[in-house]
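Below you'll find the structure, written out as structure tokens, and then a few comments.
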Amino acid sequence: MEKVRTRFAPSPTGMMHVGNLRSAIFEYLVAKHNNGDFILRIEDTDQTRKVEGAIDFIYDTCSLCGLSPDEGPRNGGEYGPYIQSERLPLYKEYALKLVELGKAYYCFCSEERLNELRAVADTNKIPFLYDGFCKKYTKEEIITKTSNGEAYVIRQMMPKDGISTFIDIVYGEISIENKLLEDQILLKSDGYPTYNFANVIDDHLMAITHVIRGNEYLSSTPKYNLIYDAFGWEKPAYIHLPMVVGADGQKLSKRHGASSFMDLYNDGYLPAAVVNYLAFLGWNPETTDEIFSLEELAKLFTPERISRSPAVYDVKKLNWVNAHYIKKLTIDELLAITVPHLQAAYDLNSKTGEWIKELVMIYQNHLSYGKEIVLLTDLFFKEHIEISGEALEFMNSDSSISNTLNVFKDEINSINSWTIDNVNIAINNTKEKSGAKGKLLYMSIRIKVSGQMHGPELPDTIHLLGKEVIINRLSK
RNA sequence: GGCCCGUUGGUGAAGCGGCUUAACACACAUGCCUUUCACGCAUGCACUCACGAGUUCGAAUCUCGUACGGGUCACCA
């Protein structure tokens, strides 16, 4: 059997969006499930949108996520080059071949004429399709025009009747009437190919067996198939992925929060957790388990189980998955994703390394992502804490509370050696001397010293806060 | 507007003609655990699968229509 080859083909336009990453994951998974190769190809045919450094970004994201390409611009391979701007002569050669085959033609139409055509279509409320005006030129006319330096593009010549049908592994049989297909541009006037052309040429030349991409390409796939047919090439298997949308059902974009992978990474999300979560966007294994490593996913992954309906990118679920991974982290790994955020937000100069370590540790089970540590621990860095809302209500709910807190303050004061055990003894003594117990004892103290109703173990919290701060807060 | 795709609970999502009295997870509620909250554990939570019709002994599952949502119609990918 021929070796399975998939490709991730991003355009280097900046950030790597979670939607792109998710495509890359699926592409990687299909390849690895079949012991195949995963290829990285850079589609930089739009010179106006090119962003410097974007290729590094793509590589960094892939390597953080464990999606290392078997072939690509940095590591090479026998099908290179893997950057489309370095393959320009190839596209021209194939475009010209297509002209010779009568499946493409030169077009000299100006932008003005095209705009007029569009305006007419618009007022008539019909879809705009290029009218094929330039098909009329003879070979001689074309030679004259081009040697005069007239700008031209090369357009694909579409059949005017019949129906094109293809099978998509996810969506099944898709049929589209040929008369709806536009004579799309293959080669732009700047000599660069369009995506529509370069993509097909490269997929074939690079021996890609499975084309995996977003379902926005579903309706244009027949156009690509026509190119394969014109050259007599074998067509790849198609796997179109359901779109990733935000909670409002709209296509995922900036306003849905941190949807660039690097933003997530910088906020202390773990790549393994993000990959795990993203793999479940529009796919699931038959089991009900949800936590899998990349290797496990590769074993399990079958494109037949990809869903057809849009997948909702849900940060709450991501948080849950990420929290799951955080709970398994070693202390050093945990420090790595939290301490930089603490440093950025608070003055840590007066704190010892031990203290910071203890702080981070008691929050390990409470953390959804690294940066959240800043939100959760502000009670350790604030000069004044405020008691309000439900917490204030609780403090006013029983007249015995202020006496309990006074007793507790005395107990804290009498501690000589500041240890968690001694803090515990102080709490126990307070219970005996004041008669307060359970919630009335613990919650009162918790609120008074932290201002919050939830948090890690109370003795741990008190110990970390320090005797001086505790006395201070109990005195207010 | 034409064409293509989708529509299961508060949310995400299984289900692919009888094994479904519709998984599982998040959220929520209750109980247990912990001398407190949380964590963890247990239990509960869709008399029903957008709506209408049809096929069938039998439909969330197949067909058609309607409604709603999305995608696509660039010298962008």
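Below, chains carry the letters A, B, ... as their sequence lines are ordered, and counting in each starts from 1.
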When both distances are under 3.5 Å in a Watson-Crick or G-U wobble arrangement, the nucleotide paired with B/C73 is B/G1

Rounded to whole Å, CG of A/L181 lies from C1' of B/U72 at a distance of 12 Å

Remember a base hit wins even if backbone is also touched, and classify A/T13 as base, sugar-phosphate or nothing at under 4.0 Å, heavy atoms.
-> nothing

Decide whether a cation-pi geometry holds between A/R7 and A/F38; the criteria are a distance under 6.0 Å from NZ or CZ to the six-membered ring centre and an angle within 45° of the ring axis.
-> no

Between B/C51 and B/U61, how far apart are the P atoms? Round to whole Å, please.
-> 11 Å

Considering only the P atoms, how many Å lie between B/A46 and B/G1, rounded to the nearest integer?
-> 39 Å

Side chains of A/D46 and A/Y195: is there a donor and an acceptor less than 3.5 Å apart?
-> no

Looking only at side chains, do A/S400 and A/D398 share a donor and an acceptor under 3.5 Å apart?
-> yes

To the nearest Å, how far apart are A/E216 CD and B/G69 C1'?
-> 17 Å

Expressed in whole Å, how much space separates the P atoms belonging to B/U7 and B/A13?
-> 10 Å

Check every strand shown and say whether A/P310 touches a base, only sugar-phosphate, or nothing at a heavy-atom separation below 4.0 Å.
-> sugar-phosphate

Side chain A/S219 and base B/C3 donor-acceptor under 3.5 Å | no

Measure from CG on A/L281 to C1' on B/U11 and round the result to the nearest Å.
-> 14 Å

Mind checking A/T48 for me? I need base, sugar-phosphate or nothing, with any heavy atom below 4.0 Å counting as a touch.
-> nothing

Any side-chain N or O of A/S309 under 4.0 Å from OP1/OP2 of B/C5?
-> no

Indicate whether the side chain of A/Y363 and that of A/D460 have a donor and an acceptor atom separated by less than 3.5 Å.
-> no

Grab the CD1-C1' distance between A/I163 and B/G2 for me, whole Å please.
-> 15 Å

Nearest to side-chain heavy atoms of A/L180, which nucleotide of B/A14, B/C76, B/G2 | B/G2

Sticking with atom P, work out how far B/C5 lies from B/G65, rounded to a whole angstrom.
-> 12 Å

Against the side chain of A/D314, the closest entry in B/A74, B/U11, B/C5 is B/U11

Scan every strand shown for a Watson-Crick or G-U wobble partner of B/C26, both distances under 3.5 Å, and answer none if you come up empty.
-> B/G10

Compare side-chain N and O positions of A/R305 against OP1 and OP2 of B/C16 and report whether any pair is under 4.0 Å apart.
-> no

Decide side-chain hydrogen bond (donor to acceptor under 3.5 Å, both in side chains) for A/Y224 and A/N196; before the verdict, give the C-alpha distance in whole Å, the side-chain angles of both, and the deciding distance to 0.1 Å.
-> CA-CA 7 Å; A/Y224 309 145; A/N196 301 121; 2.6 Å; yes

If you look at every strand shown and take non-hydrogen atoms under 4.0 Å, does A/T287 touch a base, only sugar-phosphate, or nothing?
-> nothing

Toward the 5' end of RNA chain B, which comes first, A/K125 or A/Y277, by nearest nucleotide?
-> A/K125

Could you tell me whether A/V153 contacts a base, only the sugar-phosphate backbone, or nothing, with contacts defined as non-hydrogen atoms closer than 4.0 Å?
-> base

So which nucleotide does B/G17 pair with, by the Watson-Crick or G-U wobble rule with both distances under 3.5 Å?
-> none

Expressed in whole Å, how much space separates the P atoms belonging to B/A25 and B/U43?
-> 10 Å

For B/A60, which nucleotide is its Watson-Crick or G-U wobble mate, given both distances must be under 3.5 Å?
-> none

Nucleotide of B/A25, B/U36, B/C75 approaching A/Y442 most closely (side-chain heavy atoms) | B/U36

Within the structure, does a side-chain N or O atom of A/K188 lie under 4.0 Å from either OP1 or OP2 of B/A77?
-> yes

Worked verdict on A/E43 versus A/N199 for side-chain hydrogen bond (donor to acceptor under 3.5 Å, both in side chains) = CA-CA 8 Å; A/E43 309 219 325; A/N199 197 260; 3.2 Å; yes

Give a yes-or-no answer on whether the side chains of A/N429 and A/E411 include a donor-acceptor pair shorter than 3.5 Å.
-> yes

Short side-chain N/O contact to B/C76 OP1/OP2 from A/R49, under 4.0 Å = no

Taking atom C1' in both B/U8 and B/A59, what distance in whole Å separates the two?
-> 14 Å

A/W283 and A/F26: aromatic ring centres closer than 6.0 Å?
-> no

Quick one: which protein N/O atoms are closer than 3.5 Å to N/O atoms of nucleotides 37-43 of chain B? Pair and distance per line, please.
residue : atom : partner : partner atom : Å
B/C37   : O2'  : A/M453  : O            : 3.4
B/C37   : O2'  : A/H454  : ND1          : 2.3
B/C37   : O2   : A/G455  : N            : 2.9
B/C37   : O2   : A/G455  : O            : 3.3
B/C37   : N3   : A/R446  : NH2          : 3.2
B/C37   : N3   : A/G455  : O            : 3.0

A/L300 vs A/F292, side chain to side chain contact (heavy atoms under 4.5 Å, CB included): CA-CA, chis, key distance, verdict | CA-CA 10 Å; A/L300 256 47; A/F292 293 100; 3.5 Å; yes

Answer with base, sugar-phosphate or nothing: what part of the nucleic acid does A/F280 contact at a heavy-atom distance below 4.0 Å?
-> nothing

Aromatic ring centroids of A/Y137 and A/Y106 under 6.0 Å?
-> no

Are a donor atom and an acceptor atom from the side chains of A/R5 and A/H210 found within less than 3.5 Å of each other?
-> no

To the side chain of A/Y217, which of B/A74, B/A77, B/G1 is closest?
-> B/A77

Give the intermediate values and the outcome of side-chain hydrogen bond (donor to acceptor under 3.5 Å, both in side chains) for residues A/Y79 and A/D202.
-> CA-CA 9 Å; A/Y79 295 89; A/D202 285 345; over 6 Å; no

Looking at every strand, decide which applies to A/A9 at a 4.0 Å heavy-atom threshold: base, sugar-phosphate, or nothing.
-> nothing

May I ask you to say what A/I174 touches in the nucleic acid, namely base, sugar-phosphate or nothing, with a heavy-atom cut-off under 4.0 Å?
-> sugar-phosphate

Which nucleotide sits closest to the side chain of A/M243: B/C75, B/G70, B/G6?
-> B/G70

Now, which nucleotide makes the Watson-Crick or G-U wobble pair with B/A50, with each of the two distances under 3.5 Å?
-> B/U66

Would you mind telling me which residue lines up with the more 5' stretch of RNA chain B, A/I306 or A/P459, judged by nearest nucleotide?
-> A/I306

N/O contacts under 3.5 Å, protein versus nucleotides 59-63 of chain B?
none

P gap between B/U48 and B/A60, integer Å = 11 Å

Complement of B/C39, any strand, by Watson-Crick or G-U distances under 3.5 angstrom = none

Pair A/Y171, A/N215: side-chain N/O donor-acceptor within cut-off below 3.5 Å = yes

Looking for any heavy atom pair under 4.0 Å, which part of the strands does A/C109 touch: base, sugar-phosphate only, or nothing?
-> base

Taking the same atom, P, in B/C45 and in B/A22, what whole-Å distance lies between them?
-> 10 Å

Proximity of A/Y94 and A/F197 rings by center, below 6.0 Å = no

For B/C33, the nucleotide meeting Watson-Crick or G-U wobble distances (both under 3.5 Å) is none

Within the pair A/N284 and B/A14, is there a side-chain N or O less than 4.0 Å away from OP1 or OP2?
-> yes

Counting side-chain heavy atoms from CB outward, which of B/A77, B/C73, B/C5 is closest to A/Y171?
-> B/C5

